[in-house]
Amino acid sequence: WLCFQFRNMRLLSAALRNSVWTRGGGTTRHFWGWINAVFNRVDYERIKAIGPDRAAAEWLLRCGAKVRFLGFERWHHDYNALPTGPLDRYKIQGIDATESCIMYRGFDHLDGLQHLEEVKLIRCVYIEDGCLERLSSTEVLQSTLSSLEVVSCGNVSDKGLIALHKLGNLQRLVLSDLPGVKDRDQTLERLKTALPKLDITVDL
């Protein structure tokens, strides 16, 4: 029954993404927004019980994202196929949130990820400036995160990008199709000044 439940959760997550992208507004958006908020709820007791990496992996896959663990090349996307074993064995090194429904409410899951190096935020309808600010202010990520992609996230503006200057270890940044960014040159200049070793690929 549990596997059936989570299998249907992934189907519901996919339906959520398709509904938001294709229908756009009104009652439908509010309904799926409520479902998405449930998917993004943080269970702090579960984090304590199973550890931050496992809890974050469950959150991400529940929302339709993928994770890659330290020492492995494979990206995991199936909730029911998450590896089992000692809680301290599997550490999240990469997050691919392409077309997922992750939102600000779930970002507390990132606090304990001590090995996260790569994040892809591509076509994420709920990613906004506050998410990038939250990501950048997560102390552990300021020293581990080296690669970030923000692509086709319509709610991201200059404010969110400027906040990335706190990620002192960031070496690679890909920015594309961000209509909310209005002052591209000044925003990029501020990032380059704060992070002179940062390689920025831009198509705005």
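It should be emphasised that the depicted structure is a prediction, and the values quoted were computed from it without experimental measurement. Values below: all heavy atoms of this structure, side chains included; hydrogens, waters and symmetry mates excluded.
Across all their heavy atoms, Ser147 and Leu170 have their closest contact at N-CD1, 3.8 Å. Nearest heavy-atom pair, Cys131 versus Met103, reported as atom, atom and distance to 0.1 Å: SG-C, 4.3 Å. Heavy atoms only, all atoms of each residue included: Leu121 and Ala97 are closest at CD2-CB, 4.0 Å. Between Cys63 and Asn40, the shortest heavy-atom distance links the atoms SG-ND2, 3.7 Å. Between Glu133 and Ala163 the shortest heavy-atom distance is CG-CB, 3.6 Å. Ala65 and Ser100 get closest at one heavy-atom pair: N-CB, 3.8 Å.
Rounded to the nearest 0.5 angstrom, Asp96 CG and Ile122 CD1 are separated by 6.0 Å. Within the model, atoms CD of Gln186 and CZ of Arg190 stand 6.5 Å from one another, a figure rounded to the nearest 0.5 Å. Summarising the geometry, atom CG belonging to Leu167 is positioned 6.5 Å from atom CD belonging to Gln142; distances are rounded to the nearest 0.5 Å. Distance check, rounded to the nearest 0.5 Å: CG of Leu145 to OG1 of Thr138 gives 9.5 Å. Annotation: the span from Glu58 atom CD to Asp43 atom CG amounts to 9.5 Å, rounded to 0.5 Å.
If you run side chain to side chain contact (heavy atoms under 4.5 Å, CB included) between Phe69 and each of His76, Arg89, Gln93, His115, only His76 comes through. Among Leu198, Val181, Ile200, Asp183, the single residue meeting the side chain to side chain contact (heavy atoms under 4.5 Å, CB included) criterion with Leu188 is Ile200. Each of Thr201, Val151, Val202 was checked for a side chain to side chain contact (heavy atoms under 4.5 Å, CB included) with Ser176, and the lone residue meeting it is Val151.
Cluster membership for Tyr79 and Ile47, using ILVMFWY side-chain heavy atoms within less than 4.5 angstrom, is not shared. With hydrophobic clusters built from ILVMFWY side chains whose heavy atoms lie under 4.5 angstrom apart, Leu110 shares a cluster with Leu82. Note on Leu116: it does not cluster hydrophobically with Trp75, by side-chain heavy-atom contacts below 4.5 Å among ILVMFWY residues. Hydrophobic clustering, with ILVMFWY side chains joined whenever heavy atoms are under 4.5 angstrom apart, keeps Ile162 apart from Leu173.
With hydrogens and angles disregarded, a donor-acceptor distance shorter than 3.5 Å links the side chain of Asp53 to the backbone of Ile92. The closest donor-acceptor contact from the side chain of Asp129 to the backbone of Gly160 lies under 3.5 Å. Judged by distance alone, the side chain of Arg68 and the main-chain N or O of Glu73 form no donor-acceptor pair under 3.5 Å. A donor-acceptor pair under 3.5 Å links the side-chain atoms of Ser143 to the main chain of Val140, judged by distance alone. Side chain of Asp158 to backbone of Lys182: a donor-acceptor contact under 3.5 angstrom is found. The main-chain N or O of Val119 is never found under 3.5 Å from a side-chain atom of Glu149 such that the two would form a donor-acceptor pair. Side-chain atoms of Asn169 do not come within 3.5 Å of backbone N or O of Leu141 as any donor-acceptor pair.
In Lys91, the NZ atom is crowded: over 12 heavy atoms of neighbouring residues, nucleotides or ligands sit closer than 6.0 Å.
Contact annotation: the side chain of Leu164 approaches that of Leu161 to within less than 4.5 Å [non-hydrogen atoms, C-beta and beyond]. Side-chain contact between Arg123 and Thr98 is present, with at least one heavy-atom pair separated by less than 4.5 Å.
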Checklist entry - Between Gln171 and Lys197, does a side chain to side chain contact (heavy atoms under 4.5 Å, CB included) hold up when you go through it step by step? => result CA-CA 6 Å; Gln171 301 171 25; Lys197 297 182 180 179; over 6 Å; no

Checklist entry - Under the side chain to side chain contact (heavy atoms under 4.5 Å, CB included) criterion, do Cys153 and Leu178 qualify, and how do the steps go? => result CA-CA 6 Å; Cys153 296; Leu178 301 175; 4.2 Å; yes

Next on the checklist: If you apply the rule side chain to side chain contact (heavy atoms under 4.5 Å, CB included), what do you find for Asp177 with Asp203, and how did you get there?
Outcome noted: CA-CA 6 Å; Asp177 186 25; Asp203 182 15; over 6 Å; no

Next on the checklist: Under the criterion side chain to side chain contact (heavy atoms under 4.5 Å, CB included), I'd like the reasoning laid out for Ile102 against Leu60: C-alpha separation, chi angles, the key distance, then a yes or no.
Outcome noted: CA-CA 7 Å; Ile102 64 171; Leu60 290 160; 4.0 Å; yes

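The pair Arg172-Glu118 fails the salt-bridge criterion, with no side-chain N (NZ, NE, NH1 or NH2) lying under 4.0 Å from an Asp/Glu carboxylate O. With respect to Arg134 and Asp108, a salt bridge is recorded, a charged nitrogen being found less than 4.0 Å from a carboxylate O.
Aromatic rings from Phe72 and Tyr90 are positioned such that their centres are separated by under 6.0 Å.
The aromatic rings of Trp59 and His109 lie parallel to each other, their planes meeting at an angle below 30°, with 60° marking the opposite boundary.
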